[in-house]
Amino acid sequence: MSDLKIVLSKMLSATITSVTSQNKTLQGGTIGEVCLISGTAETVDNKKIPYKLVLKITKKWERHGDPESWRREYDLYASEFDMLFSDSLRWPKCYHHELNENETKLWLEYIDGVSGVELTPPMYERAAKELGRFQGKLYAEQPSILQSLSNLSNTGYLKNFYMNYRLWPEVYDYIRSNDCELPRELCEMLIKIDEQADEIFLRIEKLPIVLCHRDFWVTNIFYSPETDVSDRSKTERSDTITLIDWDTTGWGYLGEDIASLIADDADVIHMLENFKNCIPAYYKGFSEYADISHIKDNCVYEIILLMYGYRTVEGYKYAETPEGKELCLKTLQKICEMGRMV
């Protein structure tokens, strides 16, 4: 409780004398736990203030090829990384952070916004544009804060992710076997990307290197609409995109995060619409700060296949329900349709 008083004193800018609290698990697992803490804080002058905040505890673990990712979010919050955000794209405020030998603790702002399956195509598009602005500004300005960060994932993340799946017989051999239940057209799509992988990576590696969130999917994106719309002279609403879960953040290639937005646990119904609209929105946002008019090959479709092709095959093969199997099939079918659009 004493830790909570300290955190709330920082959060509310007041001396807290007593606290009531109740916890609700938002996400939990073997390597971490995220819970919502809510209640009432009483100040030294007897004011009672309701509060909500999030406690995120991450235990030490080793992600393949990225052993320090377990503490990366702590390292970012302990740095001046917060200064890189804007009013339109941000992360949750951190009121207190702790690093122990085998775990980190982050006491974070609770974000109340639209997220996950509730995001609409215009919200996807807005998230894409704001990400483009964020990455474009950092790419153009190269702030010294970025150069001082030592714990970031590297540009090899994408290739390593793909190669780990490609070397796994459970998916590689499956799409080439007579026992595969997937339509042959989808198997051929994946086999073709394998055959062209070396050439594709050469094309990807010509793209600008930018700071990637690397977990830019709907559950980590919160859209908060503007509360004051009285000024009708504004050409664009000042809605806010808030991103959570920065533990895989690092250097990657232009478009990696947009591939995640479109295809990671995708909104299958609007997947083609999002593919059509989010890529131009992202490029438009990026172009506000850096000239990328010379880039004619954005490689987003190829990145989608490299990142989510075999992963979706795994989901299809080991789905526990018919609905889960059908969702994976539809996702692969939509990716196949994207190929006809590029």
Side-chain angles (χ1 to χ4, degrees), residues 76 80-92 111 113-114 119-149 152 155 158 203-218 220-229 231-244 246 249-263 273-304 342:
L76 291 175
E80 296 180 317
F81 190 72
D82 184 69
M83 296 175 63
L84 302 178
F85 294 105
S86 65
D87 291 338
S88 55
L89 187 139
R90 58 188 292 270
W91 65 357
I111 303 299
V114 182
L119 290 171
T120 64
M123 294 176 188
Y124 270 74
E125 190 173 342
R126 184 59 186 271
K129 185 175 182 180
E130 292 304 334
L131 179 74
R133 284 174 168 164
F134 174 71
Q135 291 183 338
K137 190 173 190 292
L138 299 186
Y139 178 79
E141 297 179 359
Q142 292 294 306
S144 58
I145 296 170
L146 278 184
Q147 312 313 314
S148 68
L149 298 174
L152 294 174
T155 55
L158 172 62
R203 287 159 50 200
I204 291 172
E205 288 162 5
K206 293 178 182 177
L207 295 169
I209 294 174
V210 299
L211 184 75
C212 292
H213 180 274
R214 283 228 167 96
D215 203 7
F216 194 69
W217 69 299
V218 292
N220 290 338
I221 299 170
F222 287 79
Y223 173 91
S224 301
E226 180 185 34
T227 55
D228 179 13
V229 293
D231 186 356
R232 300 299 178 181
S233 64
K234 293 179 180 179
T235 57
E236 188 173 88
R237 291 167 58 90
S238 55
D239 306 333
T240 301
I241 301 297
T242 305
L243 302 181
I244 65 171
W246 291 77
T249 298
W251 300 109
Y253 296 100
L254 188 76
E256 276 190 46
D257 282 335
I258 293 305
S260 299
L261 177 65
I262 294 167
E273 180 182 353
N274 291 333
F275 180 76
K276 178 182 177 182
N277 295 333
C278 288
I279 298 172
Y282 171 69
Y283 265 61
K284 183 177 180 181
F286 198 98
S287 297
E288 291 182 16
Y289 295 93
D291 182 10
I292 49 174
S293 59
H294 61 286
I295 299 175
K296 306 302 181 187
D297 183 11
N298 61 51
C299 297
V300 174
Y301 169 70
E302 289 82 356
I303 294 172
I304 287 173
V342 298

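Everything numeric in this text was worked out from a predicted model, so none of it was measured. Below, each value reflects all heavy atoms present in this structure, side chains not excepted, and no hydrogens, waters or symmetry copies.
Minimum interatomic distance between Ile295 and Pro208 (heavy atoms only, all atoms of both residues): CD1-CD, 3.5 Å. Here the shortest heavy-atom pairing between Leu146 and Phe81 reads CD2-CE1, 4.3 Å. Of all heavy-atom pairs spanning Leu243 and Pro92, the tightest one is O-CD, 3.3 Å. Residue Gly113 comes nearest to Ser224 through the heavy atom pair CA-OG, 4.0 Å, listed as atom of the first residue, atom of the second, then distance. Contact record, Arg90 with Thr240: CD-CG2, 3.6 Å, taken as the closest heavy-atom pair. Here the closest non-hydrogen pair linking Asp297 and Leu207 is O-CD2, 3.6 Å.
Between Trp246 and Asn220, every side-chain heavy-atom pair lies at or beyond the 4.5 Å cut-off. The closest side-chain heavy-atom distance from Val210 to Asp257 is not below 4.5 Å.
Atom CD1 of Ile262 sits about 13.5 Å away from atom NZ of Lys276, to the nearest 0.5 Å. Going from atom OG of Ser88 over to atom CZ of Arg133 covers 6.0 Å, rounded to the nearest 0.5 Å. Taking CD1 of Ile303 as the reference point, atom CD1 of Ile204 lies at 4.5 Å (rounded to 0.5 Å). Note that the CG atom of Leu152 and the SG atom of Cys212 stand 10.5 Å from one another [nearest 0.5 Å]. Here the straight-line distance linking atom NE2 of His213 with atom OG of Ser260 works out to 9.5 Å at 0.5 Å rounding. Atoms CG and CG, on Leu84 and Leu89 in that order, are 11.0 Å from each other to the nearest 0.5 Å.
Sorted by first and then second residue, the salt bridge (charged side-chain N to carboxylate O under 4.0 Å, His left out) pairs with a member in residues 204-216 read Lys159-Glu205, Arg214-Glu256; sequence neighbours excluded.
Counting heavy-atom neighbours within 6.0 Å of Glu288 CD, excluding the residue itself, gives a total above 12. The environment of Tyr139 atom OH is sparse: at most 12 non-hydrogen atoms of other residues, nucleotides or ligands sit within 6.0 angstrom.
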Worked check of side chain to side chain contact (heavy atoms under 4.5 Å, CB included) between Trp217 and Leu261: CA-CA 5 Å; Trp217 69 299; Leu261 177 65; over 6 Å; no

Full working for side chain to side chain contact (heavy atoms under 4.5 Å, CB included) between Asn298 and Val342: CA-CA 10 Å; Asn298 61 51; Val342 298; over 6 Å; no

Residue pair Tyr124, Asn277: steps toward the side chain to side chain donor-acceptor pair (under 3.5 Å) verdict: CA-CA 9 Å; Tyr124 270 74; Asn277 295 333; over 6 Å; no

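Using a 30° and 60° split on the angle between ring planes, Trp91 and Phe85 fall in the tilted class, from 30° to 60°.
Residues satisfying the ring-ring contact (aromatic ring centres under 6.0 Å, His included) test with Tyr253, not counting sequence neighbours, are none.
Of the candidates Ile241, Val114, Asp239, Met123 forms a side chain to side chain contact (heavy atoms under 4.5 Å, CB included) with just one, namely Val114.
For the residue pair Tyr282 and Gln135, a side-chain donor N or O sits within less than 3.5 Å of a side-chain acceptor on the partner.
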